Amino acid sequence: GISGEYLGRFKANHGGIMAEKTAIVTGASRGIGCAIAKKLASMGALVIVNYNGSKEAAETVAGEICKEGGSAVTYGCDVSDEAAATAMIAAITKDYGGIDILVNNAGITRDNLMLRMTDAEFDAVLATNLKGAFHTMRAAAKTMLKKRYGRIINIASVSGITGNAGQANYAAAKAGMIGMTKSAARELAGRGITVNAVAPGFIETDMTRKLPEEIREGACKQIPLGRFGQPEDVAKAVAFLAAEGSYLTGQVLAVDGGMVM
């Protein structure tokens, strides 16, 4: 449920381009999701920091947001669970009067070569990365339709554009997310709701820091800018689509240093 311990009160003069907007960021307890939550909060939005297993980390993120003068609450929910995801959207809508921005960032990996990949590994990744985003989009769109306003931003991956050895499940989920983004954009555009995707390339996160040095070096050689990106690079792209992208919908913005151009 919602934890309001770290909720900063909106003041009459609370500033920022996203003042009085409510944003949900799934999988926001670390990495890219954390950076997105902090960025949206810095622009004035009330941010719901969603997490699945990392309650302490999520509360730390929310606490840091509020120390900086922003507003945040935490909400624990496994988005792959349809009932739980729907309940989360309903609770936030009830408590905060609706949802303006949904960022689907929650994701897991179960990497393996396709010939060795188990059904369980394949299904787990699609359940969270693709179906989880579907659950939250479907529920949030209903409240956005009533407001005739909404910004849905799905965090895909360049793997969903190019494919990646050892990631048949992850690439399939992210490619599916891109297709789902474009379909939803067509369905919802008439009600003032935009749906876009951001496709990060190699970003400095806990996951990429664990890669062997030779793999990191090989990856850098594929990137025209010659370096990994930062979580904040992705957060800035999300913030642009949320705040300034009123005439952008159905688009996939690759934040990848030029890797897949």
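This structure is a prediction, so every number in the text was calculated from the model and none was measured.
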Would [X] and [Y] show up in the same hydrophobic cluster when neighbours are defined by side-chain heavy atoms closer than 4.5 Å?
{"X": "Val255", "Y": "Ile32", "result": "yes"}
{"X": "Tyr170", "Y": "Ile108", "result": "yes"}
{"X": "Ile155", "Y": "Ile161", "result": "no"}
{"X": "Val158", "Y": "Met180", "result": "no"}
{"X": "Leu241", "Y": "Ile203", "result": "yes"}

Short question: side chain of [X], backbone of [Y] - any donor-acceptor pair under 3.5 Å?
{"X": "Thr26", "Y": "Asn105", "value": "yes"}
{"X": "Thr162", "Y": "Ser159", "value": "no"}
{"X": "Asn196", "Y": "Leu248", "value": "yes"}
{"X": "Asn50", "Y": "Val25", "value": "no"}
{"X": "Thr249", "Y": "Val195", "value": "yes"}
{"X": "Asn154", "Y": "Ala156", "value": "no"}
{"X": "Thr208", "Y": "Thr205", "value": "yes"}

Counting heavy atoms not belonging to [X], are there more than 12 under 6.0 Å from its [atom1]?
{"X": "Lys142", "atom1": "NZ", "value": "no"}
{"X": "Arg116", "atom1": "CZ", "value": "no"}
{"X": "Glu213", "atom1": "CD", "value": "yes"}
{"X": "Arg138", "atom1": "CZ", "value": "yes"}

Closest non-hydrogen atom pair, [X] against [Y]:
{"X": "Val49", "Y": "Ala37", "result": "CG2-CB, 4.4 Å"}
{"X": "Gly160", "Y": "Ala175", "result": "O-CB, 3.4 Å"}
{"X": "Val73", "Y": "Tyr96", "result": "CG1-OH, 3.4 Å"}
{"X": "Leu126", "Y": "Ala172", "result": "CD1-CB, 4.5 Å"}
{"X": "Gly163", "Y": "Ala171", "result": "CA-CB, 4.2 Å"}
{"X": "Asp81", "Y": "His135", "result": "C-ND1, 4.1 Å"}

Q | Verdict with reasoning, Tyr149 to Lys21, per side chain to side chain contact (heavy atoms under 4.5 Å, CB included) | A | CA-CA 11 Å; Tyr149 177 90; Lys21 300 294 187 188; 3.9 Å; yes
Pairwise distance [atom1]([X]) to [atom2]([Y]) - rounded to 0.5 angstrom:
{"X": "Glu68", "Y": "Glu64", "atom1": "CD", "atom2": "CD", "answer": "8.5 Å"}
{"X": "Ile92", "Y": "Thr143", "atom1": "CD1", "atom2": "OG1", "answer": "10.5 Å"}
{"X": "Met117", "Y": "Asn169", "atom1": "CE", "atom2": "CG", "answer": "3.5 Å"}
{"X": "Arg151", "Y": "Met18", "atom1": "CZ", "atom2": "CE", "answer": "8.0 Å"}
{"X": "Lys39", "Y": "Glu232", "atom1": "NZ", "atom2": "CD", "answer": "9.5 Å"}
{"X": "Asn112", "Y": "Gln167", "atom1": "CG", "atom2": "CD", "answer": "11.0 Å"}

Going by heavy atoms in the side chains, are [X] and [Y] under 4.5 Å from each other?
{"X": "Lys55", "Y": "Ser29", "result": "no"}
{"X": "Ile17", "Y": "Glu244", "result": "yes"}
{"X": "Pro224", "Y": "Met261", "result": "yes"}

Q.
Phe134: which residues meet the ring pair (Phe, Tyr, Trp, His ring centres under 6.0 Å) condition with it, sequence neighbours left out?
A. none
Q) Is it true that the side chains of Glu82 and Thr86 contain a donor and an acceptor less than 3.5 Å apart? A) yes
Q) Does the side chain of Asp111 come under 3.5 Å of the side chain of Thr109 through a donor N or O and an acceptor N or O? A) no
Q: Start with the C-alpha gap between Lys38 and Ser42, add the side-chain angles, then the distance that decides, and say whether side chain to side chain contact (heavy atoms under 4.5 Å, CB included) holds.
A: CA-CA 6 Å; Lys38 289 181 175 180; Ser42 75; over 6 Å; no
Q: Using the salt bridge (Lys or Arg N to Asp or Glu O under 4.0 Å) rule, pick out the option among Arg216, Lys210, Arg227 that qualifies with Glu204.
A: Arg216
**Q.** side chain to side chain contact (heavy atoms under 4.5 Å, CB included) between Ile193 and Ile152, worked out
**A.** CA-CA 8 Å; Ile193 302 167; Ile152 298 173; 4.3 Å; yes
**Q.** Test log, rule side chain to side chain contact (heavy atoms under 4.5 Å, CB included), inputs Ile24 and Ile89
**A.** CA-CA 9 Å; Ile24 303 173; Ile89 300 298; 3.6 Å; yes
